[in-house]
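Each chain gets a letter, A, B and so on, in the order its sequence line appears, and its residues count up from 1. These values consider heavy atoms only, across backbone and side chains, with no hydrogens, waters or symmetry-generated copies.
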Protein chains: 2
Amino acid sequence: MELNDRKIKILKAIVSSYIHEGEAIGSRTISKKYDLGISSATVRNEMSDLEELGFLVQPHTSAGRVPTDKAYRLYVDKIIRNSSMNKYNEQIKKILQGEIDEMEKFIRNSARILSQFTKYTSFVMTPQLKESKLKRIQLVPISENKLLMVIVTENNLVKNVILNMKIPVPEDQMNRISNLLTQKLEGRQLKSLDKDLYNHISKEIYSIRESFDDKFDDVFMLLLNTMKQYEKVDVYYDGLTNILNYPEYSNTEKAKELLSFMEDKKSMASVLMDETGEDLAVSIGNENKYDEIKQCSVVSATYKLNGMIIGKIGLIGPTRMDYKNVISMVKALSLNVNRLIEENYIDIARSDTDEQKRKG
Amino acid sequence: MELNDRKIKILKAIVSSYIHEGEAIGSRTISKKYDLGISSATVRNEMSDLEELGFLVQPHTSAGRVPTDKAYRLYVDKIIRNSSMNKYNEQIKKILQGEIDEMEKFIRNSARILSQFTKYTSFVMTPQLKESKLKRIQLVPISENKLLMVIVTENNLVKNVILNMKIPVPEDQMNRISNLLTQKLEGRQLKSLDKDLYNHISKEIYSIRESFDDKFDDVFMLLLNTMKQYEKVDVYYDGLTNILNYPEYSNTEKAKELLSFMEDKKSMASVLMDETGEDLAVSIGNENKYDEIKQCSVVSATYKLNGMIIGKIGLIGPTRMDYKNVISMVKALSLNVNRLIEENYIDIARSDTDEQKRKG
DNA sequence: GTTAGCACTCTGCCCGGATGAGTGCTAAGC
DNA sequence: GCTTAGCACTCATCCGGGCAGAGTGCTAAC
């Protein structure tokens with residue numbers, strides 16, 4: 001059996017209707033509401049075929065039919081190609097502008113926009129920095145026994161930790177250590193900061209001068225500890241309660257299952273990490289890895305810094321999701337987010353302007 | 001009518017039963033299960049009195065009776081006085097230890113413990129820093145046009161912002177500005193950093209030297225902007241889905257109402273800010289300000305730094321809450337949290353050790 | 001003051017019939 | 001040969017009645 005033009009038209013009508021109404025749809029409704037110029041009986045025959053092909057299922061004998069994940073997949077693939085985002089682009093631009101002071105807040109605001117516009121639950125997987133490179137380490141005195149270690153990456157993301165020192169560290173020694181650490185570690189990926197590297201660098205230093213700052217070792221060890229924290233990925237949601245608006249989750253048990261799953265950020269992170277690195281990914285129902293979200297679809301986009309994917313932002317909702325709307329929304333948002341990140345967090349000073357100066 | 005001893009005993013039995021079973025309780029059950037040595041008929045008479053006194057209500061004629069908020073209040077007041085926390089103290093101590101690297105994570109972990117132990121939803125209102133005083137400001141170079149401003153408070157909480165400068169700032173000028181800002185602003189409360197102060201300090205500086213660092217103004221303005229962010233209070237939850245376990249919220253509408261309310265962190269913050277500053281606060285049902293949580297109770301404890309309340313941590317659940325358990329849990333946790341904050345975030349160097357040195 | 005007994009009330013549950021939406025099949029029409 | 005009208009059949013949902021059970025309030029006896 002072939003999936004001819006008419007079948008596709010009917011399928012599209014069914015999917016679209018089911019997305020918006022949430023109820024199984026029958027042949028009569030299709031033939032009446034969508035004027036395809038054929039009677040309900042004909043639609044009935046076609047629907048029977050579509051069921052055989054695996055695009056539709058009947059919840060029970062006398063109910064209408066409901067699209068399967070396979071149907072959604074077909075629908076989405078057709079949509080993605082020619083989805084426009086003009087509808088939202090301007091609005092998003094306006095809202096996002098002026099909220100870019102702090103990276104994390106900026107991204108969270110973006111998530112809020114997503115959930116508010118779409119009425120689904122939005123998520124953000126926050127920066128994953130293992131891959132990024134160190135630019136500078138600076139120790140700042142706080143009090144006699146405490147000092148602050150500020151770690152700046154090449155992407156200008158900053159992390160800081162308070163170090164408790166057993167013995168006070170005078171300010172000039174602090175600067176020496178800062179400079180030495182920066183000098184030795186600049187350009188290295190955060191994930192490469194491990195014991196091996198530590199041993200290597202220590203050896204190097206002690207081979208030059210017999211005795212060096214006695215605090216250096218301590219500070220270095222604390223730096224390694226801090227780096228461990230970078231490995232944790234965090235997930236943040238907005239519009240969690242939107243889920244409860246959909247009849248799919250009017251049953252508390254179902255809602256609980258999904259919400260619990262999402263609350264366990266590790267699982268959710270693993271869902272998002274598993275995806276291919278495409279800019280826009282749609283994962284429908286059974287395509288998802290975990291049972292708990294096999295009745296959901298996840299639409300996610302990447303955000304990048306210097307061309308490197310540092311996080312994801314997107315939406316999760318029932319498979320009966322308004323893909324058309326959602327996809328253009330996510331597309332538009334991620335485009336704007338990426339543009340703003342480029343404009344605000346990338347270090348033009350080094351790469352571009354220096355070049356230009358030389359040329360000019 | 002008086003609330004005699006027997007009435008209190010019966011009331012306590014009813015409250016306790018209702019808390020654990022979640023179902024209206026009848027006279028027969030009371031007289032059988034809790035051996036008070038009286039028949040169901042007597043209990044019936046007493047219950048009738050208790051209803052008249054406003055401690056009980058009947059959902060409908062042939063149902064048992066259910067405690068009112070007034071009954072819970074009585075119950076809680078009796079409990080709070082002699083609640084012990086021995087049961088949890090040791091466990092909590094063990095878990096909390098070793099998670100204290102970073103203030104915010106530490107507090108969030110504490111919230112997780114709360115929700116996991118109690119099966120209610122826990123919350124944290126994160127540090128409110130308006131009242132705390134500045135200790136140090138340090139500018140750190142990042143790239144030609146960008147610099148990092150690190151702001152350290154007296155409580156060793158750190159905040160940082162990336163500043164985009166129109167014109168490059170050389171490192172020595174940066175240090176001069178850092179020192180000047182620190183010198184002028186040290187000991188001032190964050191909330192006092194406003195335009196007036198700016199004008200005042202500017203005048204002072206320019207009266208001494210005719211021209212000063214031209215970047216000083218820019219940096220100061222950016223500092224003021226940053227301070228605005230401190231005014232925002234954030235609320236964080238753990239165990240949100242626990243709510244769905246209670247029959248009170250088996251209805252999705254109800255659940256949605258509550259969850260939506262909590263998701264709007266502004267309202268939740270305002271609930272917590274409104275409370276008196278007591279170390280342990282219990283707010284039952286109608287005692288709450290907002291309609292959405294008039295069927296909930298909120299148990300919260302403060303956490304402090306240098307004796308100043310900087311946040312709250314606690315639990316929210318149905319008024320039919322296991323107060324006994326919850327109160328000892330929150331008490332035990334907050335005690336430990338406060339102890340660990342004292343040990344790890346307070347600047348002993350200044351206040352204590354200096355004293356001791358002099359004495360020794 | 002306490003208790004046993006009894007009539008009364010009200011909810012929740014189960015059951016069966018009615019309703020209606022939708023299907024599949026068949027036979028007639030273009 | 002595809003399309004369509006007609007019809008029997010299926011199944012979920014809704015509704016009302018009847019029944020069981022829990023609990024009360026009242027009364028009268030102890």
Side-chain angles (χ1 to χ4, degrees), chain A residues 1-11 13-15 17-18 20-68 71 247-248 250-251, chain B residues 1-11 13-15 17-18 20-68 71 247-248 250-251:
Chain A
M1 207 179 329
E2 283 274 313
L3 199 58
N4 61 28
D5 221 47
R6 192 170 69 184
K7 281 196 176 57
I8 291 182
K9 258 187 198 156
I10 292 175
L11 187 58
I14 294 174
V15 170
S17 162
Y18 190 65
H20 294 104
E21 312 299 334
E23 278 169 14
I25 188 166
S27 52
R28 217 177 108 82
T29 320
I30 293 284
S31 92
K32 265 171 68 185
K33 282 205 183 162
Y34 302 78
D35 50 37
L36 303 168
I38 44 179
S39 77
S40 68
T42 311
V43 174
R44 213 143 49 230
N45 290 329
E46 295 287 41
M47 281 170 87
S48 181
D49 289 354
L50 285 167
E51 182 166 1
E52 215 172 306
L53 287 165
F55 291 105
L56 299 175
V57 279
Q58 276 183 291
H60 56 264
T61 329
S62 73
R65 282 179 172 93
V66 163
T68 61
E248 283 86 341
S250 63
N251 173 341
Chain B
M1 205 180 328
E2 284 274 313
L3 199 59
N4 62 28
D5 222 48
R6 192 171 68 186
K7 281 196 175 59
I8 291 181
K9 257 187 196 152
I10 292 176
L11 187 58
I14 294 175
V15 170
S17 162
Y18 189 65
H20 294 104
E21 312 299 333
E23 278 169 15
I25 187 165
S27 52
R28 217 176 108 81
T29 321
I30 294 284
S31 94
K32 265 171 68 186
K33 283 205 183 163
Y34 302 79
D35 50 37
L36 303 168
I38 45 179
S39 78
S40 67
T42 313
V43 175
R44 213 142 50 229
N45 291 328
E46 295 287 40
M47 281 170 85
S48 181
D49 289 354
L50 285 168
E51 182 166 0
E52 215 173 305
L53 288 164
F55 291 106
L56 297 176
V57 279
Q58 275 183 291
H60 57 263
T61 329
S62 74
R65 282 178 172 94
V66 164
T68 61
E248 283 85 341
S250 61
N251 172 340

Which residue pairs pass the salt bridge (charged side-chain N to carboxylate O under 4.0 Å, His left out) test when at least one of the two sits in residues 50-62 of chain B, sequence neighbours left out?
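The answer is B/Glu51-B/Arg65.
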
Length of the line joining [X]:[atom1] and [N]:[atom2], which is rounded to integer Å:
| X | N | atom1 | atom2 | answer |
| --- | --- | --- | --- | --- |
| B/Ile25 | D/dG23 | CD1 | C1' | 12 Å |
| A/Asn45 | C/dG24 | CG | P | 9 Å |
| B/Leu36 | C/dT3 | CG | C1' | 16 Å |
| B/Glu23 | C/dT11 | CD | P | 16 Å |
| A/Glu21 | C/dG22 | CD | P | 12 Å |
| A/Arg28 | D/dA5 | CZ | P | 11 Å |
| A/Ile10 | C/dT23 | CD1 | C1' | 15 Å |

Determine the contact category for B/Ser27: base if any of its heavy atoms lies under 4.0 Å from a base atom, sugar-phosphate if only primed atoms, P, OP1 or OP2 are that close, otherwise nothing.
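Answer is sugar-phosphate: B/Ser27 comes under 4.0 Å of backbone atoms only.
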
For residues [X] and [Y], determine if any side-chain heavy atom of one lies less than 4.5 Å from a side-chain heavy atom of the other.
| X | Y | value |
| --- | --- | --- |
| A/Ser31 | A/Leu36 | no |
| B/Ile14 | B/Ile10 | yes |
| A/Asp49 | A/Leu3 | no |
| A/Val15 | A/Phe55 | no |

Heavy atom of residues 46-55 of chain B under 4.0 Å from DNA chain C: which residues?
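None, since no heavy atom is under 4.0 Å.
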
For residues 56-65 of chain B, which residues have at least one heavy atom under 4.0 Å from DNA chain D?
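Heavy-atom cutoff 4.0 Å gives B/Gln58, B/Thr61, B/Ser62, B/Ala63, B/Gly64, B/Arg65.
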
With 3.5 Å as the limit, what N/O pairs link the protein to nucleotides 27-30 of chain D?
none

Output all residues satisfying side chain to side chain donor-acceptor pair (under 3.5 Å) with A/Glu46, sequence neighbours left out; order by chain, then residue number.
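Checked A/Glu46 against side chain to side chain donor-acceptor pair (under 3.5 Å); matches are A/Arg6, A/Lys7.
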
Contact nearer the 5' end of DNA chain C, comparing B/Arg6 with B/Arg44:
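Between the two, 5'-proximity favours B/Arg6.
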
N/O donor to acceptor pairs below 3.5 angstrom from side-chain atoms of residues 20-30 of chain A, sequence neighbours left out:
{"unit_1": "A/His20", "atom_1": "ND1", "unit_2": "A/Ser16", "atom_2": "O", "d": "2.8"}
{"unit_1": "A/Ser27", "atom_1": "OG", "unit_2": "A/Arg44", "atom_2": "NH1", "d": "3.2"}

[X] versus [Y], closest heavy-atom pair with distance:
| X | Y | result |
| --- | --- | --- |
| A/Gly64 | A/Pro59 | O-CD, 3.4 Å |
| B/Leu56 | B/Pro67 | CD2-CA, 3.8 Å |
| A/Tyr34 | A/Ser17 | OH-CB, 3.2 Å |

Looking at A/Thr42, I'd like to know whether one of its side-chain N or O atoms comes within less than 4.0 Å of OP1 or OP2 on D/dT3.
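It does not, given that no N or O in the side chain of A/Thr42 lies less than 4.0 Å from OP1 or OP2 of D/dT3.
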
